[in-house]
Amino acid sequence: MKLRGLLLLACACTYGVAQAQNFPSGPLRIIVPFPPGGGTDILARPVAQKLNERFKQPVVIENRGGANGTIGTAYVAKTAPADGHTLLFIPSGYAVNPSLYPALPYDQARDLAAVTQLVSGPLTLVVHPSLPAKNVRELIGLAKTRPGELNYGSSGIGSLPHLAGEWFALSAGVRLSHVPYKGSGAATIDVMSGEVPVYFMNVLQSLPFIKQGRLRALGVTGLARVAIAKDIPTVAEGGLKGFDMATWFGVLVPAATPRDIVTRLHGEIAAILQQTDVRDRLTADGMTVVASTPEQFTAFLKTETAKYARVVQAAGIKAQ
């Protein structure tokens, strides 16, 4: 019996290796669970082109938007074949959805498998120049003297700027008032006019306004400074030790996808992210290449999901 078990194990391993060697056997699909033109879509397209070059197979972007990314995610989790030919590209909001939508049609830990975290990049905590706060400590001090009076804008309920503002308030022990907008454009207009004096803005979007003196940068929300704005300290450096609320993107596949194929996909995508032209483009966009292993990304997703759950619960955030 023991010999038979070893033989079966050897056969299974050989079959898995053969699968990976013969992969891909046809076109690949990248499911982007948002409409064309968003950050996830923009990042997916150069990766798709590079995968096409490496695999010598067509790689098609398929946008399945709706319900904050949950429609496309549910398709990959429940319907797509688990053969490695269907990939799901996700943004950081993926980790928020279980807290915002308790009746999701999928279980992210059970129905999907991690391939890699692609990149990560912080937001910039900016204020209108009229606000008497030139650094994070001064903003916290001002908020403590005016509890609930300082408004901060966001691109919508449950968006990363919203969660960053709530996490900041919770970490600093202050009360800020949230003003949600329908998208980042309207929020940007009002923060530059001073109507809403505080905003957590995309780094690349914020830099021109900072250089023009129309906004003042107090800190970036990641644990490290960014290459394109090294003069801006982190919020952690400003006094909130450990503060980390970065935007990121990653790749998942259906949970039953063979392990050897997941490993192959990770290796190919990680190699693409290390190519000079890809790295330079991402750095110019304020992003840092991560290319984590499936195990690292799985652990990261667990941590991020728990962090966002704490924020959503403590702030009483409800999806609209």
Side-chain angles (χ1 to χ4, degrees), residues 8-9 12-13 15-17 19-20 23-24 28-34 40 43-44 47 61-120 158-160 163 245-270 290-314 317-319:
L8 287 172
L9 179 61
C13 292
Y15 177 70
V17 172
Q19 277 188 308
F23 175 83
L28 280 77
R29 289 187 302 163
I30 293 177
I31 305 299
V32 173
F34 298 94
T40 313
L43 178 60
V47 174
I61 302 287
E62 189 174 317
N63 296 91
R64 288 179 174 250
N68 203 33
T70 61
I71 292 175
T73 300
Y75 168 75
V76 176
K78 293 297 188 180
T79 306
D83 58 5
H85 290 79
T86 303
L87 287 69
L88 175 69
F89 272 48
I90 57 166
S92 47
Y94 168 86
V96 187
N97 284 339
S99 301
L100 287 179
Y101 308 100
L104 286 175
Y106 57 87
D107 183 310
Q108 68 178 32
R110 183 188 64 226
D111 298 330
L112 293 155
V115 177
T116 187
Q117 182 186 351
L118 299 162
V119 295
S120 178
S159 65
L160 192 64
L163 294 166
M245 186 67 78
T247 185
W248 50 261
F249 299 90
V251 182
L252 305 174
V253 290
T257 304
R259 179 66 191 179
D260 287 328
I261 289 180
V262 173
T263 301
R264 175 85 188 279
L265 284 168
H266 167 259
E268 296 291 344
I269 294 172
V290 179
S292 58
T293 65
E295 294 79 14
Q296 289 169 334
F297 192 31
T298 298
F300 176 79
L301 285 173
K302 185 176 180 180
T303 300
E304 286 287 280
T305 302
K307 177 176 73 178
Y308 287 129
R310 291 196 301 273
V311 177
V312 169
Q313 182 177 13
I317 300 171
K318 303 293 184 183

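Nearest heavy atom pair, residue A95 against residue Y308, reads CB-CD1, 3.7 Å. Heavy-atom minimum distance, A319 versus Y101: CB-CE2, 3.6 Å. Nearest heavy-atom pair across A114 and P294 is O-CB, 3.4 Å. Summarising the geometry of G158 relative to I317, their closest heavy-atom pair is N-CG2, 4.4 Å, with the distance given to 0.1 Å. Of all heavy-atom pairs spanning A82 and P254, the tightest one is CB-CB, 3.8 Å. The minimum heavy-atom distance between A74 and P105, with the atom names listed, is CB-CG, 3.8 Å.
I261 has its side chain out of reach of V253: every pair of non-hydrogen atoms, C-beta onward, lies at least 4.5 Å apart. Taking 4.5 Å as the limit, some side-chain heavy atom of V47 sits within range of a side-chain heavy atom of F89. At a threshold of 4.5 Å between non-hydrogen side-chain atoms, the residues L265 and V251 do not count as touching. Residues P98 and L104 meet the side-chain proximity criterion, which asks for heavy atoms closer than 4.5 Å. Contact check for V115 versus F297: no side-chain heavy atoms found under the 4.5 Å cut-off. Annotation: side chain of P33 is not in contact with side chain of T70 (no heavy-atom distance under 4.5 Å). At a threshold of 4.5 Å between non-hydrogen side-chain atoms, the residues T86 and T257 do not count as touching. In this structure the side chain of L118 never reaches within 4.5 angstrom of the side chain of W248, judged on heavy atoms.
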**OP:** Report the C-alpha distance between L252 and T73 in whole Å, list the side-chain angles of each, state the deciding distance to 0.1 Å, and finish with yes or no for side chain to side chain contact (heavy atoms under 4.5 Å, CB included).
**Re:** CA-CA 9 Å; L252 305 174; T73 300; 5.7 Å; no
Original post:
Step by step, would you call L160 with V96 a side chain to side chain contact (heavy atoms under 4.5 Å, CB included)?
Top reply: CA-CA 9 Å; L160 192 64; V96 187; 6.0 Å; no
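Atoms OG and CZ, on S92 and F249 in that order, are 6.5 Å from each other to the nearest 0.5 Å. From T293, atom OG1 reaches atom CD of Q117 across 10.5 Å, with rounding to the nearest 0.5 Å. The CG atom of D111 sits 9.5 Å away from atom OH of Y106, with the distance rounded to the nearest 0.5 Å. Rounding to the nearest 0.5 Å gives a distance of 12.0 Å between OG1 of T40 and CD1 of I30. Taken from CG in L301 to CD in Q108, the straight-line distance is 6.5 Å, to the nearest 0.5 Å. Interatomic distance, CZ of R310 versus OG1 of T305, reported as 11.0 Å (0.5 Å rounding).
For H85, the ring pair (Phe, Tyr, Trp, His ring centres under 6.0 Å) partners two or more places apart in sequence, or in a different chain, are F23.
In terms of modelled atom types and a separation under 3.5 Å, the side chain of T116 and the main chain of S292 share a donor-acceptor contact. N68 places no side-chain N or O within donor-acceptor distance of the main-chain N or O of N97, the cut-off being under 3.5 Å.
For E295, the CD atom counts as densely surrounded, since its 6.0 Å shell holds more than 12 non-hydrogen atoms of other residues, nucleotides or ligands. Within 6.0 Å of atom NZ in K78, more than 12 heavy atoms from other residues, nucleotides or ligands are found, so the atom counts as buried in its surroundings.
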